[in-house]
Amino acid sequence: MSKHITNKFWLLMIALVTATVLAACGGDDSEGDAEGGDDASGTSQLTAWAWDPNFNIAALELAKENYDAEGFELEVIENAQDDIVQKLNTGLSSGTMKGMPNIVLIEDQRAQSFLQSYPDAFYPIGDYFNTEDFASYKIAPTSFDGEQYGLPFDTGATGFFYRTDYLEEAGYTEEDLTNITWADFVTIAKDVKEKTGHPMLALDPNDLGILRVMMQTTGTWYTNEDGEINLVDNEPLKLALTHYKELMSNDLVQLVSDWSQYLAAFNSGDVASVPAGNWIAASVEAEESQSGNWKVAPTPRLDMEGAKNASNQGGSSWYVLNIDGKEAAAEFLGQTFGSNADFYQSLVEDVGALGTYTPASEGDAYQFENEFFNNQQVVYDFSQWMEEIPQVDYGMNTYGIEDILAAEIQQYLNGKSLEDVLADAQAQAENQFK
């Protein structure tokens, strides 16, 4: 009996010691449950999350092909952008980093909400590339508290895509459409509607992206440089809303309710122009029968001192999670998206993606004369406009503030004064995001 007890005692002790050793080797939850990292053989088995297989994921796969590091393996996992936002918030708020990827793509206008809410979750990667090689407007949203966390990726630079045949029928030349103001745009829209019957553009009233485009031409956002909500005294926003109402009230806009209707509005030939980010170019070109009927001019600016004919709509950047494998992930990003000009030529030619790495603009791919756009060097033009985009700090609550504004703007269109609209929106936003 006593011998049986003794054997059980030693078996128990061995099990306890083994469990203790395994726990020590495994580290804490913040790293041991992450999806990727360095294994004992020195191989870096990393994971990356991104959305859009034809754009962002294709860019990552191309970067893998252009990166030659012994033992480096990267699994790219497709997630919808909303799913990434939800998974990051759920995972990071739990504090365990369980299931987190090594690399993740985050939209610029959402980045500060993650960097400021989870300051220890991301790995600073400013030592792996030269921030001065990138368009300056990408630096503020990708950095926090003096550290560079994001590697700037796609530009989101905007342009004024227009139908040359419709605009010529209305009496406008290319010169008439270059470096115009939004007030000019409204005037032109009225002429186009009267002389051709076509509305100037298509808009989803629940998407206020065009207001952001207008505001950023002046370097202004919904929040000021101190992060305070800035609606009531925001003169660029007031002017943008005035133009918005004039477009809406004069039947110059074709209203749409989803993305497919938005695409159909210009692919069908209904609308005369598409003021949007450069990413819309591929969708415009999708209707081959319209080849030669489009050009792109610089984005209209608000008629205010210091405003630029350049703005941004969308855009995203790469981030590295502060887990095992972070150095290998940062090295990969730094040597591909961060410094390889030849890679950027392939990115344009093979994926159609335009990054914000400014040395790449001198490469051959950027000089391509696009037959669809009347042999215009569209990629090169966007790369030049990109460098003029005013920098803004998007703050933490862009989309939350817009949810409030969208409801108030409908009342503005129905007759509520602009002053009351902005005062009420300011009060609601301050109450919700205090």
Side-chain angles (χ1 to χ4, degrees), residues 30 48-52 56 79-126 137-156 206-209 211-213 215-216 219-231 234 237 277 312-323 326 356 389 391-406 425-426 428-434:
S30 67
W49 289 356
W51 64 90
D52 193 342
N56 302 315
N79 285 281
Q81 184 183 171
D82 288 346
D83 290 341
I84 289 178
V85 171
Q86 181 180 1
K87 287 181 176 182
L88 283 179
N89 276 316
T90 301
L92 299 182
S93 63
S94 74
T96 68
M97 304 291 278
K98 184 175 182 179
M100 290 292 103
N102 301 94
I103 297 170
V104 65
L105 186 68
I106 299 177
E107 187 186 31
D108 293 339
Q109 290 167 11
R110 298 182 189 274
Q112 287 299 311
S113 67
F114 288 109
L115 296 178
Q116 295 187 36
S117 299
Y118 312 107
D120 298 325
F122 296 91
Y123 179 57
I125 56 175
Y137 76 96
K138 295 283 279 193
I139 301 306
T142 56
S143 60
F144 173 61
D145 202 19
E147 296 281 6
Q148 183 67 36
Y149 288 98
L151 198 158
F153 177 43
D154 74 300
T155 165
N206 294 313
D207 184 347
L208 303 186
L211 292 179
R212 299 197 296 270
V213 171
M215 273 196 301
Q216 192 162 350
T220 306
W221 206 245
Y222 299 126
T223 50
N224 62 24
E225 58 187 13
D226 296 322
E228 298 165 339
I229 294 166
N230 178 33
L231 303 180
N234 190 327
L237 177 58
N312 171 263
Q313 188 178 30
S316 54
S317 301
W318 303 108
Y319 294 80
V320 172
L321 274 294
N322 192 17
I323 58 178
K326 53 184 176 292
T356 50
I389 297 173
Q391 178 171 301
V392 299
D393 185 343
Y394 297 125
M396 296 181 65
N397 301 301
T398 289
Y399 294 114
I401 292 171
E402 284 199 345
D403 287 343
I404 294 169
L405 262 180
Q426 173 97 20
Q428 293 176 58
E430 286 179 345
N431 183 56
Q432 186 168 334
F433 302 115
K434 61 184 177 182

### Task
Side-chain contact test, heavy atoms from C-beta onward, threshold under 4.5 Å: evaluate it for Phe114 versus Val85 and give yes or no.
yes
### Query
Atom CG in Leu92, atom OG in Ser117: separation rounded to 0.5 Å?
9.5 Å
### Task
Under the side chain to side chain donor-acceptor pair (under 3.5 Å) rule, collect the residues that match up with Thr142, sequence neighbours excluded.
Gln148
### Message
Tell me whether the count of non-hydrogen atoms from other residues, nucleotides or ligands lying under 6.0 Å of CD in Glu225 goes above 12.
### Response
no
#### Entry: Sidechain-backbone polar pair: Thr90 side chain, Lys87 backbone, donor-acceptor under 3.5 Å
no
#### Entry: Parallel, tilted or perpendicular: ring planes of Trp318 versus Phe153, cut at 30 and 60 degrees
tilted
### Summary
So CD1 of Ile401 and CD1 of Ile229: to nearest 0.5 Å the spacing works out to 4.5 Å
### Query
Taking Trp221 as the fixed residue, which of Asn234, Thr398, Asp393, Asn230 is the one that meets the side-chain hydrogen bond (donor to acceptor under 3.5 Å, both in side chains) rule?
Thr398
#### Entry: From OH (Tyr399) to CD (Glu107), nearest 0.5 Å
3.0 Å
## Note on the structure
Nearest heavy-atom contact between Phe144 and Pro119 is CE2-CB, 4.4 Å
### Task
Measure the spacing between CG of Leu105 and CG of Asp154 and express it to the nearest 0.5 Å.
7.5 Å
### Task
Keeping the roles fixed (side chain from Asp120, backbone from Phe122), state whether a donor-acceptor pair exists under 3.5 Å.
no
### Query
Going by heavy atoms in the side chains, are Thr223 and Phe433 under 4.5 Å from each other?
no
### Contact summary for Val392 and Gly219, nearest pair of heavy atoms
CG1-C, 3.3 Å
### Task
Please report the shortest heavy-atom distance between Tyr137 and Gln216, naming the atom on each side.
CD1-NE2, 4.4 Å
### Message
If I take atom CG from residue Leu405 and atom CD from residue Gln428, how far apart are they, to the nearest 0.5 angstrom?
### Response
9.0 Å
### Query
Taking C-beta and beyond as the side chain, do Asn397 and Tyr222 meet within less than 4.5 Å on heavy atoms?
no
### Message
Test of understanding: with salt bridge (Lys or Arg N to Asp or Glu O under 4.0 Å), list the residues that count as partners of Asp108, not counting sequence neighbours.
### Response
Lys138
### Check: Leu231 main-chain N/O paired with Gln426 side-chain donor or acceptor under 3.5 Å
yes
### Query
Would you find more than 12 non-hydrogen atoms of other residues, nucleotides or ligands less than 6.0 Å from Gln86 atom CD?
no
### Heavy-atom pair of closest approach, residues Leu321 and Ala121
CD1-O, 3.3 Å
### Pairwise salt bridge (Lys or Arg N to Asp or Glu O under 4.0 Å) hits with a residue in residues 394-406, at least two apart
Arg212-Glu402
### Task
Mind listing the closest non-hydrogen atom pair of Tyr319 and Ala111 along with its distance?
OH-CB, 3.2 Å
### Task
Kindly indicate whether the side chain of Ile106, heavy atoms from C-beta on, has any atom under 4.5 Å from the side chain of Leu115.
no
#### Entry: Residue pair Asn89 / Ser93: nearest heavy atoms and the distance that separates them
O-OG, 2.6 Å
### Query
Is a side-chain donor or acceptor of Asn224 paired with a backbone partner of Glu228 at a separation under 3.5 angstrom?
yes
### Task
Give the C-alpha distance, both sets of side-chain angles, the deciding distance and a yes or no for side chain to side chain donor-acceptor pair (under 3.5 Å) between Gln112 and Tyr394.
CA-CA 7 Å; Gln112 287 299 311; Tyr394 297 125; over 6 Å; no
### Task
Supply the atom-to-atom distance Leu88 CG to Asp83 CG, rounded to the nearest 0.5 angstrom.
11.0 Å
### Task
Evaluate the side-chain proximity of Tyr123 to Asn102: yes if any heavy-atom separation is below 4.5 Å, no if none is.
no
